[in-house]
Engineer: 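This is the structure I have questions about; it appears just below.
The structure displayed is predicted, hence computed values, not measured ones. Order of the sequence lines fixes the chain letters, A, B, ..., with proteins taken first and strands second; residue numbering starts at 1 for each chain. We use all heavy atoms of the structure for the numbers below, so side chains are in, but hydrogens, waters and symmetry mates are not.
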Amino acid sequence: MKFSDKVYELVKKIPKGKVTTYKEIASVLGTNAYRAVGIAMSKNTDGFLSKGKIPCHRIVASDGSIGGFCGVKTGKPIKDKKKLLIKEEIKFEKNKIINFSEKLFRF
DNA sequence: GGAGTGACTTTTT
DNA sequence: GAAAAAGCCACTC
C-alpha cells in the first residue's frame with residue numbers, strides 16, 4: 001500500500017460538511033509529506049466528486065484557502081469547487097473558509 | 001539510486 | 001499584509 005493510497009482512504013472518510021488540510025492528512029499518516037499528499041491527489045483527480053470516489057474538494061490549504069484546484073479533468077475551475085463546498089455547509093469569505101477550525105475534520 | 005518535480009507550509013522580507 | 005525563499009517528503013524518470 002502506497003502512501004498515496006492511504007491518503008485516498010483518509011480522504012474518503014471525511015464526512016460531509018467537513019474539510020481537512022494537506023498537513024493534517026500527512027500528520028495522521030505520521031509524516032510531514034504534505035506535498036506528497038498533493039501529488040497523490042494530482043495523480044488521481046479522475047472521479048472525485050459525486051462518483052463516490054475521492055472528495056478532493058474537502059481538502060484545503062492550511063490557512064483555510066481552497067489551495068490548488070479541483071476538477072481539472074472535469075473542466076471545472078476552482079470557482080465551482082468553492083460552490084460545492086458551500087453546498088456542504090462550508091462558507092467562504094474571500095476564498096477562505098469561515099470558522100475553519102470548526103469545519104476542520106481531524107480524523 | 002541520484003536528480004528533478006510538485007494540488008504544500010512556515011518563516012522572512 | 002502580500003510576496004519571496006526555504007524546508008519537507010513521496011513519486012517518477
Engineer: Determine, using the 4.5 Å side-chain heavy-atom cutoff (strictly less than), whether I90(A) and V60(A) are members of one ILVMFWY cluster.
Structural biologist: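 Yes, same cluster.
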Engineer: Contact between F3(A) and L29(A) at the side-chain level, heavy atoms closer than 4.5 Å - yes or no?
Structural biologist: yes
Engineer: Reading nucleotides 1-11 of chain C from the 5' end, what letters show protein touch, with B for base, S for backbone sugar-phosphate only, - for no heavy atom under 4.0 Å?
Structural biologist: ------BBSBS
Engineer: Kindly work out whether a path of hydrophobic side-chain contacts (I/L/V/M/F/W/Y, heavy atoms less than 4.5 Å apart) joins V19(A) to I66(A).
Structural biologist: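 Same hydrophobic cluster.
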Engineer: Do NZ/NE/NH1/NH2 and the carboxylate oxygens of K96(A) and E93(A) come within less than 4.0 Å?
Structural biologist: no
Engineer: Are Y34(A) and L10(A) in one and the same hydrophobic cluster, where Ile, Leu, Val, Met, Phe, Trp and Tyr link if side-chain heavy atoms are under 4.5 Å apart?
Structural biologist: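 Yes; L10(A) is reachable from Y34(A) via cluster members.
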Engineer: Check for a donor-acceptor pair, side chain of K103(A) on one end and backbone N or O of E89(A) on the other, with a separation under 3.5 Å.
Structural biologist: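 Flag set: sc K103(A) to bb E89(A) pair under 3.5 Å.
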Engineer: Answer yes or no: does atom NZ of K18(A) have more than 12 heavy-atom neighbours from other residues, nucleotides or ligands under 6.0 Å?
Structural biologist: yes
Engineer: Once side-chain contact (heavy atoms from CB on, under 4.5 Å) is applied, do any residues pair with T20(A), and if so which ones, sequence neighbours excluded?
Structural biologist: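 Listed in chain order: I14(A), E24(A), I25(A), I59(A), L104(A), F107(A).
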Engineer: Tell me, which of residues 99-107 of chain A have any heavy atom that sits under 4.0 Å from an atom in DNA chain B?
Structural biologist: none
Engineer: Please report the distance, rounded to the nearest Å, between CD1 in I59(A) and C1' in dC8(B).
Structural biologist: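 Interatomic distance, CD1 of I59(A) to C1' of dC8(B): 12 Å.
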